[in-house]
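First the proteins, then the strands, lettered A, B, ... as listed; each starts at 1.
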Protein chains: 2
Amino acid sequence: MTTTTKQHIIETASALFYQNGYNSTGVNEIISEANIAKATLYSHFRSKEEICVAYLHHMNTTFISDLKAYLSRQKQGPQRILAIFGFLQKIYNTEGFFGCWCLKTLAEISPDEQNIRQEIQGQKTALIVLIASLLKENMPNYNSTITKDISRKIYLLYESAVAESYLHQKDWPIKEAKKMCQLILEH
Amino acid sequence: MTTTTKQHIIETASALFYQNGYNSTGVNEIISEANIAKATLYSHFRSKEEICVAYLHHMNTTFISDLKAYLSRQKQGPQRILAIFGFLQKIYNTEGFFGCWCLKTLAEISPDEQNIRQEIQGQKTALIVLIASLLKENMPNYNSTITKDISRKIYLLYESAVAESYLHQKDWPIKEAKKMCQLILEH
DNA sequence: GACCATAGACAGACTTGTCAGTCTGTTATA
DNA sequence: TATAACAGACTGACAAGTCTGTCTATGGTC
């Protein structure tokens with residue numbers, strides 16, 4: 001059992017799920033695109049749902065890693081917080097931008113499907129925590145209550161910018177969200 | 001051809017699409033739930049896609065009507081703008097709250113499906129216009145540039161509050177979005 | 001009141017295709 | 001030889017949409 005094949009499956013499935021949706025992507029399409037046999041796919045994953053969780057994991061891992069790398073190149077201070085939106089602007093401009101993979105997936109699963117929902121909620125909570133730690137580093141005069149409060153607000157703005165820029169196929173949501181973030185940091 | 005049967009189909013399909021998703025709801029389930037024959041359904045709609053557009057229309061019509069009714073009962077001024085979030089808090093507390101039907105549907109369709117996408121974009125643009133007209137009535141010292149700017153910001157906050165309250169199954173996104181709206185109106 | 005025509009709706013079979021997952025025998029590589 | 005992967009058939013279920021014959025309610029005519 002090789003990690004390479006499994007990773008290849010995850011990457012292929014991720015691209016398909018993200019662009020076309022989870023329910024609209026069948027396992028036959030995944031194996032065809034990945035150029036593998038179905039038995040191979042099912043030797044690595046027990047079910048389509050398990051592939052989905054792996055997809056969510058993969059997207060998040062890549063996202064957090066890329067975001068951190070981008071932010072670490074920005075000047076410390078409020079600019080680094082605002083650079084979250086600069087990062088979003090950058091990925092918005094790539095060809096493969098289809099909005100928020102978590103929201104997309106959440107929309108497709110039934111309300112009582114807990115595995116996928118928990119994965120999504122976990123990722124979002126972790127993002128809020130990441131924003132909070134960014135605030136701690138870059139806005140040292142904030143106390144922990146303020147940090148928690150503002151990290152949630154920035155998270156909401158970021159999420160909105162992602163979803164709405166995809167919906168409208170325009171970047172004004174990113175720009176407006178950034179301005180609101182600025183206002184909050186100045187306040 | 002009766003409007004009553006068609007409306008009944010739309011309402012049934014709407015409930016199913018909104019809760020379980022468009023792709024996860026089959027036409028067989030709609031006819032079963034609506035207690036009609038399949039031929040009846042296809043005598044009113046040419047395709048499932050057409051039912052989807054009718055669903056989006058229906059949800060939006062109900063939403064705008066309810067929102068306006070709610071807002072008209074609020075005191076004029078900034079409170080009336082902020083009451084958008086009060087309205088959201090109210091529907092969040094109903095049993096049938098499953099987030100934003102437009103975002104949900106957008107997540108399920110393929111990126112090149114234009115009919116549904118255009119309907120969704122149209123609804124969102126209309127919501128921004130509605131918020132702008134609310135600002136005009138209730139914040140008379142705003143000029144048209146400011147009004148346009150702030151309506152977009154409020155729209156983003158509202159959208160985020162809807163999607164994230166559903167995602168997290170908590171109401172803090174609504175409360176935080178309202179606070180940001182307040183900050184923007186005071187600024 | 002009886003009859004007829006029409007519109008709307010019904011039940012259910014059908015078509016073609018896809019779905020996720022299972023299984024078997026075969027192949028390639030170290 | 002063992003492992004990982006392959007090709008492809010299979011299963012039972014479901015998908016959207018088509019079609020046929022039947023039923024019911026209503027309005028009009030005699």
Hey, what's the ring geometry for F87(B) with F63(B), parallel, tilted or perpendicular (30° and 60° as the breaks)?
->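 Judged by the thresholds at 30° and 60°, the geometry between F87(B) and F63(B) is tilted.
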May I ask you to say whether K124(B) pairs ionically with E159(B), meaning some side-chain N is under 4.0 Å from a carboxylate O?
-> yes
Aromatic contact, H168(A) with Y155(B) (centres under 6.0 Å) | yes
Name the closest nucleotide to the T5(A) side chain, picking from dA11(C), dA5(D), dC23(C).
->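 Ranking dA11(C), dA5(D), dC23(C) by closest atom to the T5(A) side chain puts dA5(D) first.
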Separation of [X] atom [atom1] from [N] atom [atom2], in whole Å?
X: H44(A); N: dA20(C); atom1: NE2; atom2: C1'; result: 18 Å
X: L41(A); N: dA5(D); atom1: CG; atom2: C1'; result: 12 Å
X: E50(A); N: dA20(C); atom1: CD; atom2: P; result: 15 Å
X: I31(B); N: dA11(C); atom1: CD1; atom2: C1'; result: 10 Å
X: I36(A); N: dA28(C); atom1: CD1; atom2: P; result: 19 Å

Below 3.5 Å is the cut-off: list the nitrogen or oxygen pairs between protein and nucleotides 10-17 of chain D, distance only.
{"unit_1": "dA16(D)", "atom_1": "OP1", "unit_2": "K48(B)", "atom_2": "NZ", "d": "2.5"}
{"unit_1": "dA16(D)", "atom_1": "OP2", "unit_2": "V27(B)", "atom_2": "N", "d": "2.7"}
{"unit_1": "dG17(D)", "atom_1": "OP2", "unit_2": "Y42(B)", "atom_2": "OH", "d": "2.9"}
{"unit_1": "dG17(D)", "atom_1": "OP2", "unit_2": "K48(B)", "atom_2": "N", "d": "2.8"}
{"unit_1": "dG17(D)", "atom_1": "N7", "unit_2": "K38(B)", "atom_2": "NZ", "d": "3.2"}
{"unit_1": "dG17(D)", "atom_1": "O6", "unit_2": "K38(B)", "atom_2": "NZ", "d": "2.8"}

List the steps, then state whether side-chain contact (heavy atoms from CB on, under 4.5 Å) holds for D171(B) with S165(B).
-> CA-CA 5 Å; D171(B) 72 357; S165(B) 54; 5.6 Å; no
Strand contacts (DNA chain D) in residues 9-19 of chain A, 4.0 angstrom heavy-atom criterion |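 Residues of residues 9-19 of chain A under 4.0 Å from DNA chain D: none.
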Using distance alone, with no hydrogens and no angle criterion, decide if Q182(A) and E186(A) have a side-chain donor and acceptor under 3.5 Å apart.
->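 Absent: no donor and acceptor within the cut-off.
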Contact check, side chains of R152(B) and I131(B), non-hydrogen atoms, under 4.5 Å =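 In short, these two side chains do not touch, never coming nearer than 4.5 Å.
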Under 3.5 Å donor-acceptor, E108(B) side chain and N23(B) backbone = yes
Sub-3.5 Å donor-acceptor pair from the side chain of Y22(A) to the main-chain atoms of I109(A), do we have one?
->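 Absent.
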